[in-house]
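Accompanying notes for the structure given below.
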Amino acid sequence: MPSKMMAATTRVALLARSFSTSGATKQLVQPPIQVFGLEGRYATALYSAASKKKALDAVDKDMKTFSELLKVDSQLKEFLINPLLSKELKKSAIDSVLAKKSANPLTVNLFGVLAENGRMSNIEAVINAFAIIMAAVRGEIVCEVTTAKPLDAAAKKELESSLKAFLQPGQSLQLNLKVDPSIIGGMLVSIGDKYIDMSMASKINKFTSLLSQAV
């Protein structure tokens, strides 16, 4: 147990040093929305460093570019998340890719720390967490809706109108639609820090559980 705690402390210290932008202040600049988990900590550290360096737009552009690259280059993605490859090899490869893209030094640092900490499998989650932060910076509220079948234009328009009722003045809706046949019907809605499960699969599971308890 002590060795695990020491390793975790070392990783946190490495992250802090990599994103240190000023000797006068070591406090993080808190983002407008909190993102959770390991990916949230990395994304928040990157946001803080980029805020201090006034490089948010540049870093945001880098993250979007790399996200699109991972979508079209399956070999690169498989290479980076392959647990059998060394951290040094992955760091060298990603440094080369980012150099060709003329990425901001803070972006390079972030991916370098992920490689050194053996966290390249979390790369997409970190990118997504940073995207959520930047959406909040722009006054956008990210909403993810999962349905069993694709929505037609009329249903999508009605859904958008309903969701906009949750927004505050000056905010805009960023709607992401996903399809998952396993939910059978209904929908899953995640908006801001709220999550609503209105899926048919969830209702069936509840009914099945109640019936099992009654037997």
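Each residue takes its place number in the sequence, starting with 1.
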Output the distance between atom CD (Gln30) and atom OG (Ser51), rounded to the nearest 0.5 Å. 10.5 Å
Set out, in order, the CA-CA distance, both residues' side-chain angles and the distance that settles side-chain contact (heavy atoms from CB on, under 4.5 Å) for Tyr42 and Asn117, then state yes or no. CA-CA 11 Å; Tyr42 279 103; Asn117 289 352; 3.0 Å; yes
CG (Asn205) with more than 12 external heavy atoms under 6.0 Å: yes
What is the distance from atom CG of Leu167 to atom CD1 of Ile191, rounded to the nearest 0.5 Å? 6.0 Å
Using the test side chain to side chain contact (heavy atoms under 4.5 Å, CB included), find all partners of Asn82 that sit at least two apart in sequence or belong to another chain. Leu84, Leu85
Say you draw a straight line from OG of Ser86 to NZ of Lys90; how long is it, rounded to the nearest 0.5 Å? 8.5 Å
Distance check, rounded to the nearest 0.5 Å: Leu76 atom CG versus Lys71 atom NZ? 14.5 Å
Could I get the full list of side-chain hydrogen bond (donor to acceptor under 3.5 Å, both in side chains) partners for Asp95, not counting sequence neighbours? Lys91
I'd like to know if Arg119 and Glu39 make a salt bridge, using a cut-off of under 4.0 Å between side-chain N and carboxylate O. no
Looking at CG of Asp62 and CG of Leu106, how far apart are the two atoms once the value is rounded to the nearest 0.5 Å? 9.0 Å
Other hydrophobic cluster members with Ile204, side-chain heavy atoms of Ile/Leu/Val/Met/Phe/Trp/Tyr under 4.5 Å, chained? Ile184, Met200
Contact check, side chains of Cys143 and Val145, non-hydrogen atoms, under 4.5 Å: yes
Taking only distance into account, with no hydrogens and no angle test, what donor-acceptor pairs under 3.5 Å do side-chain atoms of residues 147-156 form with protein atoms, sequence neighbours excluded?
residue: Thr147; atom: OG1; partner: Lys149; partner atom: O; Å: 2.7
residue: Asp152; atom: OD1; partner: Ala154; partner atom: N; Å: 3.3
residue: Asp152; atom: OD1; partner: Ala155; partner atom: N; Å: 2.7

Report the residues that fulfil side chain to side chain contact (heavy atoms under 4.5 Å, CB included) with Asp197, sequence neighbours left out, ordered by chain and then residue number. Leu188, Tyr195, Ser199, Ser202
For a 4.5 angstrom cut-off between non-hydrogen side-chain atoms, does Met187 reach Met198? yes
Hey, quick one: are Leu163 and Val179 part of the same hydrophobic cluster, counting side-chain heavy atoms closer than 4.5 Å, chains of contacts allowed? no
Could you report the tightest heavy-atom contact between Met63 and Phe111, atom names first, then the distance? SD-CZ, 3.9 Å
Rounded to the nearest 0.5 Å, what's the gap from CD1 on Ile123 to CZ on Phe66? Could you check? 4.0 Å
Between Val35 and Ala129, which heavy-atom pair has the shortest distance, and what is it? CG1-O, 3.8 Å
Kindly work out whether a path of hydrophobic side-chain contacts (I/L/V/M/F/W/Y, heavy atoms less than 4.5 Å apart) joins Leu38 to Ile81. no
Is there a side-chain contact between Val29 and Thr44, using heavy atoms and a 4.5 Å cut-off? no
As a quick check of understanding, evaluate side-chain contact (heavy atoms from CB on, under 4.5 Å) for Val126 and Leu110, giving each step before the final call. CA-CA 10 Å; Val126 173; Leu110 180 277; 4.3 Å; yes
Tell me, with the steps shown, if Phe130 and Met134 meet side-chain contact (heavy atoms from CB on, under 4.5 Å). CA-CA 6 Å; Phe130 187 78; Met134 290 307 298; 3.4 Å; yes
Nearest atoms (heavy-atom pairs only) where Ala50 meets Val59: CB-CG2, 4.0 Å
Let me see the working for Asp57 and Lys61 under salt bridge (Lys or Arg N to Asp or Glu O under 4.0 Å), right down to the final yes or no. CA-CA 6 Å; Asp57 289 341; Lys61 181 180 178 181; over 6 Å; no
For a side-chain contact (heavy atoms from CB on, under 4.5 Å) check, start with the C-alpha distance between Arg138 and Asp60, then their side-chain angles and the critical distance, and finish with the verdict. CA-CA 12 Å; Arg138 293 187 291 267; Asp60 187 34; 3.1 Å; yes
Quick one: which residue pairs count as a side-chain hydrogen bond (donor to acceptor under 3.5 Å, both in side chains) with a foot in residues 157-179, not counting sequence neighbours? Glu144-Lys178
Taking the side chain as C-beta and beyond, is there a heavy-atom pair between Leu114 and Ile94 under 4.5 Å? no
Quick check: is Phe79 connected to Leu98 through a chain of hydrophobic side chains (ILVMFWY, heavy atoms under 4.5 Å apart)? yes
Shared hydrophobic cluster for Ile141 and Leu175 (ILVMFWY, side-chain gaps under 4.5 Å): yes
